[in-house]
Colleague: 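Once you've had a glance at the structure underneath, I'll fire off some questions.
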Amino acid sequence: MINFRIIGRQFSTSISKQNAIKNVTVIGGGLMGSGIAQVAAQAGQSVTLVDVSSDVLAKSQKSIGANLGRVAKKLYKDKPEDGEKFVAEALGRIKTATDPGEASKSADLIVEAIVENMDVKHKLFKQLDSAAPAHTILASNTSSLSINEIGSVVKRKDKFGGLHFFNPVPVMRLLEVVKGAETSEDTYKSMMEWGKAVGKTCITCKDTPGFVVNRLLVPYICEAMRLYERGDASARDIDIAMKLGAGYPMGPLELADYVGLDTNKFILDGWHKKFPDQPLFKPIPLLNKLVAEGKLGVKTGEGIYKYDKK
Ligand SMILES: CCCCCCCC(=O)CC(=O)SCCNC(=O)CCNC(=O)[C@H](O)C(C)(C)COP(=O)(O)OP(=O)(O)OC[C@H]1O[C@@H](n2cnc3c(N)ncnc32)[C@H](O)[C@@H]1OP(=O)(O)O
Ligand SMILES: NC(=O)C1=CN([C@@H]2O[C@H](COP(=O)(O)OP(=O)(O)OC[C@H]3O[C@@H](n4cnc5c(N)ncnc54)[C@H](O)[C@@H]3O)[C@@H](O)[C@H]2O)C=CC1
């Protein structure tokens with residue numbers, strides 16, 4: 001009995017040591033990667049943000065600074081000097097780099113948020129697996145690809161999983177923690193603890209298409225597009241309906257433009273290829289047409305709606 005307790009205590013100490021994630025490397029400095037870097041830095045962690053492009057990194061630092069400013073305004077309403085200190089300290093915790101291998105060497109956790117392409121992710125994870133220390137957890141922020149398939153190229157399958165954030169990362173409170181077939185219990189617990197440490201409410205997901213949110217959200221957005229395409233209601237009315245009738249902060253068509261119609265199409269096409277009999281994943285001619293015309297939503301100034309170019 002005594003031995004059991006001692007062993008138990010030693011065991012839990014070793015787990016909590018393993019869970020102490022202090023150094024985080026985020027690969028991909030785009031929309032999601034910059035948000036993930038921001039929330040980790042806000043939580044006091046040392047962050048290395050990596051991108052192939054130094055221009056992207058410069059833009060990310062600028063947008064992180066601006067978004068930290070929005071957070072500081074809220075947190076330090078009556079103490080602007082404290083707000084400025086908060087922003088400067090958080091920014092000071094973020095280093096940038098262009099070499100993923102080098103940036104992995106001191107990481108406890110690496111979160112990948114690069115382009116949604118299996119081959120590109122495989123190439124990166126092979127490199128990270130050989131460069132990172134043995135204890136480092138590797139995670140993908142993929143929206144729609146299989147965690148097991150992404151992780152098939154790494155040797156440390158027990159230390160591989162999914163950490164799926166939502167856009168905009170600093171505002172959306174959910175984190176989907178995805179357990180792959182070989183993700184160990186220790187890795188899963190570390191990912192859950194880290195998610196809480198960066199201020200998110202975590203849910204546990206299996207490696208099923210779209211996990212929880214996107215499995216529901218993608219068909220919902222697609223059904224809204226089909227409704228609009230059939231002429232059953234105007235785009236504005238569909239969006240008003242879901243905002244006022246169902247309490248969503250954005251209507252489905254606004255959200256499609258916000259996420260990017262190319263992303264919508266990419267996910268739908270991938271799932272249609274994998275599950276050709278599922279009617280919810282069938283191609284949408286309107287979506288294909290808009291994407292072919294380069295009308296990708298807010299980012300290009302036009303999608304389902306038109307936007308003022310800034
Ligand atoms: C078919 C395929 C589709 C799926 C594609 C896959 C993608 C994925 O894998 C998963 C996803 O991310 S799906 C997208 C999930 N996101 C949503 O659903 C966003 C819905 N929209 C919203 O919540 C609000 O409109 C929103 C928060 C965006 C904006 O809110 P408002 O309209 O009220 O506008 P604001 O007044 O500007 O913002 C509200 C408060 O939030 C602060 N804020 C906004 N952006 C920020 C940012 N980036 N960083 C820090 N703070 C930010 C803003 O300052 C404001 O604060 P308060 O003034 O204090 O309220
Ligand atoms: N946009 C969204 O609403 C969401 C996207 N995701 C997922 O997050 C990931 C990233 O998406 P976004 O941030 O929207 O894309 P993004 O296009 O804004 O950013 C991707 C960045 O990765 C960089 N990159 C590409 N290959 C690289 C490599 N080998 N090494 C280092 N950097 C590389 C690119 O230069 C680019 O800056 C994707 O897997 C996407 O499915 C997840 C949740 C929401």
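In what follows, every heavy atom counts, from backbone to side chain, and hydrogens, waters and symmetry copies are set aside. First listed ligand is number 1; within each ligand, the first listed atom is number 1.
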Colleague: Quick check with a 6.0 Å cut-off and a 45 degree axis cone: is Lys179 positioned over the face of Tyr188's six-membered ring?
Modeller: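 Output yes; distance and angle both within limits.
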Colleague: In terms of residue, atom name and distance, what is the protein heavy atom nearest to atom 43 (N) of ligand 1?
Modeller: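 Here the closest protein heavy atom is Val171 CG2, 3.3 Å.
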Colleague: Is it the side chain, the backbone, both or neither of Met172 that has a heavy atom closer than 4.0 Å to ligand 1?
Modeller: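 For Met172, the contact with ligand 1 is made by the side chain alone.
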Colleague: Hey, would you say the Tyr307 and Tyr258 ring centroids sit under 6.0 Å apart?
Modeller: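 Between Tyr258 and Tyr307, which both carry aromatic rings, the centre distance is not below 6.0 Å.
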Colleague: Does atom 13 (S) of ligand 1 have a protein non-hydrogen atom under 4.0 Å from it?
Modeller: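 It does; a protein heavy atom is within 4.0 Å.
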Colleague: Is ligand 2 less than 4.0 angstrom away from at least one heavy atom of Thr263?
Modeller: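 No, Thr263 has no heavy atoms under 4.0 Å from ligand 2.
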Colleague: Give the contacting part of His164 toward ligand 1: side chain, backbone, both or neither, where contact means a heavy-atom distance below 4.0 Å.
Modeller: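 The answer is the side chain.
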Colleague: Hey, does Tyr258 sit under 4.0 Å from ligand 1 if you only count heavy atoms?
Modeller: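 It does, in that a heavy atom of Tyr258 comes within the 4.0 Å cut-off of ligand 1.
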Colleague: Can you tell me which portion of Val259 lies within the under-4.0 Å heavy-atom range of ligand 1? Options are side chain, backbone, both, or neither.
Modeller: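 Just the side chain.
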Colleague: Would one find an N or O of Thr263, backbone or side chain, under 3.5 Å from an N or O of ligand 1?
Modeller: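 For ligand 1, there is no N or O atom that lies under 3.5 Å from one belonging to Thr263.
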Colleague: So is Ala113 close enough to ligand 2, meaning a heavy atom under 4.0 angstrom away?
Modeller: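 Yes.
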Colleague: Check contact between Gln38 and ligand 1, using heavy atoms of the residue and a distance below 4.0 angstrom.
Modeller: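 Flag not set, Gln38 not near ligand 1.
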Colleague: Identify, for atom 33 (C) of ligand 2, the protein heavy atom at the shortest distance, and state residue, atom and that distance.
Modeller: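 Here the nearest protein heavy atom works out to Ile114 CG2, 3.4 Å.
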Colleague: Could you measure the distance from the CE atom of Met192 to the SG atom of Cys202? Nearest 0.5 Å is fine.
Modeller: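 Interatomic distance, Met192 CE to Cys202 SG, rounded to 0.5 Å: 5.0 Å.
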Colleague: State whether the shortest distance between N or O atoms of Asn264 and N or O atoms of ligand 1 falls below 3.5 angstrom.
Modeller: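 So ligand 1 has no N or O lying under 3.5 Å from an N or O of Asn264.
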Colleague: Compare every heavy atom of Gly65 with every heavy atom of Val87, then report the nearest pair and how far apart it is.
Modeller: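 Taking Val87 first and Gly65 second, the nearest heavy atoms are CG1-O, 4.2 Å.
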Colleague: If you have a sec, work out which protein heavy atom is nearest atom 55 (C) of ligand 1 and how many Å separate them, to one decimal?
Modeller: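 Among all protein heavy atoms, the one nearest atom 55 (C) of ligand 1 is Lys74 NZ, 4.3 Å.
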Colleague: Please say whether Asn214 places an N or O atom under 3.5 Å from an N or O atom belonging to ligand 1.
Modeller: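 N/O-N/O distance under 3.5 Å: yes.
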Colleague: Below 4.0 Å from any atom of ligand 2, is there a heavy atom belonging to His164?
Modeller: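 In this structure, His164 qualifies as a contact of ligand 2 - some heavy atom is under 4.0 Å.
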